[in-house]
A.B. asks: 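Let me begin by handing over the structure; questions about it come next.
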2 protein chains.
Amino acid sequence: MKTRLLLVDDHAVVRSGLRMLLENEGDVEIIGEAGTAAEALASAADLKPDVILMDIGLPDKSGIEATREIKAQFPAVAIVALTIHEDEEYFFKMLEAGASGYVPKRAAPEELLTAIRAAAHGEVYLYPSMAKLLVRDFLVSEPTDKNLSSRKDLTDREHEVLTHLAEGENNEEIAKALVISPKTVARHRENIMHKLNLHSRAELVRYAIRKGIIKA
Amino acid sequence: MKTRLLLVDDHAVVRSGLRMLLENEGDVEIIGEAGTAAEALASAADLKPDVILMDIGLPDKSGIEATREIKAQFPAVAIVALTIHEDEEYFFKMLEAGASGYVPKRAAPEELLTAIRAAAHGEVYLYPSMAKLLVRDFLVSEPTDKNLSSRKDLTDREHEVLTHLAEGENNEEIAKALVISPKTVARHRENIMHKLNLHSRAELVRYAIRKGIIKA
DNA sequence: ATCAGCATGGGGTATTCACCCCATATAAAT
DNA sequence: ATTTATATGGGGTGAATACCCCATGCTGAT
């Protein structure tokens, strides 16, 4: 029994390349292609594929959204993300959306095939660089470990200020605690935010908790 | 530069087989073998391997314990579990112990090599059936779905608003998301703060993370 | 029928925040 | 010796926040 596959990518050339690559394998049959999320949803309904190979960058809506919608309507279909994105955010969101695999486009063809086969068997293939992120998440969300490192470019003073910021103190309170001017606290806060690419105290709190700088 | 590998398994035959299998590859060099956890620890200290292939069932103590001890002393070495066990408990414990990969003994030789190479590059290879378990853990520990427990006096709507607040969104963004006026968002926020006796968005974020309403 | 709770919003105000400008002093790095 | 990074602070601006006032519907329980 061949795995019935639906290709979703907005570039026809990419789809053709994948078709060439995958149809050489005996156990994969490409039953359809889609260039947009809407087409993907329609094709999923029509063709009932076993596995969908899903790009994230689609013209109408993201492959993440498309995955979420397809999985909501057809939970049985396994969806493998094939994308240029290798950052944690897309990866985790794709998992939450229900993906059964995540493969960067730079991966070797065999890895894509492994992912498709794993998905067809109800299992999950994660590219090693992605698996690493998930394990890291697993470890930090485990109450066992102590988060010693992972503190970026922050100076000692900035780190100290961040601790107070994350506790919910305002500039004046922090200034009093550190015996400096509120203006200096504000300055440190600006530098911290710039370094970490955060833009509000709420985000600072989350960051600090995630990094184990303070306890929730 | 070849990957310097240490084999740990209590069966000499298995070690020999692995040696045959792996030394055929150009990029792997087996620099030692160990049949017990104690030998493994000693060899790790002596040989400073890049990667250790670790069985879990060892005569003196478990490969999980051995992994934990080796990682404590030599954090740089990457340890790949190669075992007959495919249940969640061993798998998760091995991850907590610091493993960079998990491969069942029934896996194909190429998968073992993939795992070794990933580990040598600081990444993580998880066999698909194991990756599935980790993703499932990720999803259940995700507070994205309705966290109906542990929520005190908050109404459904307030709880919904709190979720967005804790994500760091401002009133306008939340209003857009919930299709209500920013003024209503502000009203809900006031009620939430009053009910919980909190007085800033930063405190709301902490509260939400502590209660598991959002993930840090 | 009334009342409490909930969700919805409009107004206002003082404070804080986020983000710019600027400067000075010290210490480490080149 | 000059640059670079760090820590310190002052000024200013527009936006957002935290906290009040008020009101209108709608539900469900008494």
Side-chain angles (χ1 to χ4, degrees), chain A residues 89 148-211 213-214 216, chain B residues 143-211 213-214 216:
Chain A
E89 189 182 342
L148 47 141
S149 61
S150 81
R151 147 176 151 202
K152 278 224 172 48
D153 321 295
L154 296 188
T155 68
D156 290 347
R157 197 57 160 172
E158 284 166 351
H159 194 262
E160 199 176 358
V161 171
L162 175 56
T163 306
H164 288 270
L165 284 166
E167 298 279 352
E169 298 178 30
N170 66 20
N171 293 345
E172 209 163 338
E173 291 166 334
I174 299 171
K176 205 159 292 179
L178 301 185
V179 200
I180 53 179
S181 153
K183 263 305 193 183
T184 304
V185 176
R187 165 92 299 164
H188 285 310
R189 178 192 49 74
E190 288 186 47
N191 291 335
I192 293 166
M193 282 181 168
H194 188 256
K195 281 182 180 177
L196 302 179
N197 193 29
L198 302 174
H199 304 279
S200 73
R201 281 161 133 87
E203 293 178 59
L204 283 176
V205 173
R206 255 187 119 179
Y207 175 90
I209 292 172
R210 191 178 326 143
K211 296 296 181 182
I213 294 169
I214 66 160
Chain B
T144 46
D145 41 34
K146 309 280 180 183
N147 206 323
L148 41 135
S149 64
S150 82
R151 115 185 170 208
K152 283 240 159 40
D153 324 293
L154 297 187
T155 68
D156 288 349
R157 199 54 160 171
E158 284 166 351
H159 192 262
E160 200 175 1
V161 171
L162 175 55
T163 306
H164 288 269
L165 283 166
E167 299 277 353
E169 297 178 32
N170 65 21
N171 293 345
E172 209 163 336
E173 291 166 333
I174 299 170
K176 204 159 293 178
L178 301 185
V179 202
I180 53 178
S181 152
K183 262 307 195 184
T184 305
V185 176
R187 163 91 299 160
H188 285 309
R189 178 191 50 73
E190 288 186 48
N191 292 334
I192 293 166
M193 283 181 168
H194 187 254
K195 282 181 180 177
L196 303 178
N197 194 29
L198 303 175
H199 303 278
S200 74
R201 280 159 133 86
E203 293 178 60
L204 283 176
V205 173
R206 251 187 121 177
Y207 175 88
I209 292 172
R210 191 176 331 144
K211 294 297 181 183
I213 293 168
I214 67 159

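Residue numbers begin at 1 in each chain, while the letters A, B, ... track the order of the sequences.
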A.B. asks: Should we say atom CD of E190(A) is surrounded by more than 12 heavy atoms from elsewhere, each under 6.0 Å from it?
C.D. replies: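 Counting neighbours around CD of E190(A), more than 12 heavy atoms of other residues, nucleotides or ligands fall under 6.0 Å, so yes.
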A.B. asks: Using a 4.5 Å cut-off on heavy atoms from C-beta on, say whether the side chain of H188(B) contacts that of I174(B).
C.D. replies: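 SC-SC contact between I174(B) and H188(B) ruled out.
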A.B. asks: Is there a donor on the side chain of K195(B) or the base of dG5(C) sitting less than 3.5 Å from an acceptor on the other?
C.D. replies: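 No.
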A.B. asks: Has T184(B) got a side-chain N or O lying under 4.0 Å from the OP1 or OP2 atom of dG9(C)?
C.D. replies: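 Answer yes for this pair, as a side-chain N or O of T184(B) is under 4.0 Å from OP1 or OP2.
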A.B. asks: Please round to the nearest 0.5 Å and tell me the distance separating atom CD of E167(A) and atom CG of L162(A).
C.D. replies: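 Spacing of CD (E167(A)) from CG (L162(A)) equals 10.0 Å.
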A.B. asks: Identify whether any heavy atom of R189(B) sits under 4.0 Å from a base atom; if not, whether one sits that close to sugar-phosphate; answer base, sugar-phosphate or nothing.
C.D. replies: base
A.B. asks: Tell me whether the side-chain N/O atoms of T155(A) come closer than 4.0 Å to OP1 or OP2 in dA7(D).
C.D. replies: yes
A.B. asks: If the cut-off is 4.0 Å, is R187(A) near the phosphate of dA7(D), judged by side-chain N/O to OP1 or OP2?
C.D. replies: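 R187(A) to dA7(D) OP1/OP2: no side-chain N or O under 4.0 Å.
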A.B. asks: I want to confirm an ordering. Mapping N191(B) and E169(A) to their closest nucleotides on DNA chain C, which one lands closer to the 5' end?
C.D. replies: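 It is N191(B), whose closest nucleotide lies nearer the 5' terminus.
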A.B. asks: Among dA18(C), dT8(C), dT17(D), which is the nearest nucleotide to the side chain of I180(B)?
C.D. replies: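 Output: dT8(C).
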A.B. asks: If the cut-off is 4.0 Å, is H188(A) near the phosphate of dT6(D), judged by side-chain N/O to OP1 or OP2?
C.D. replies: no
A.B. asks: Do the side-chain N or O atoms of H194(A) get closer than 4.0 angstrom to the phosphate oxygens (OP1, OP2) of dC19(C)?
C.D. replies: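 Checking H194(A) against dC19(C): no side-chain N or O falls below 4.0 Å of OP1 or OP2.
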A.B. asks: Taking OP1 and OP2 of dG10(D), is either one under 4.0 Å from a side-chain nitrogen or oxygen of S181(A)?
C.D. replies: yes
A.B. asks: Decide yes or no, distance alone: a donor-acceptor N/O pair under 3.5 angstrom between the base of dC6(C) and the side-chain of E158(B).
C.D. replies: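 Such a pair does not exist between side chain and base.
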A.B. asks: Need one value for N171(A): base, sugar-phosphate or nothing, where a base atom within 4.0 Å counts as base even if backbone is also close, heavy atoms only.
C.D. replies: sugar-phosphate
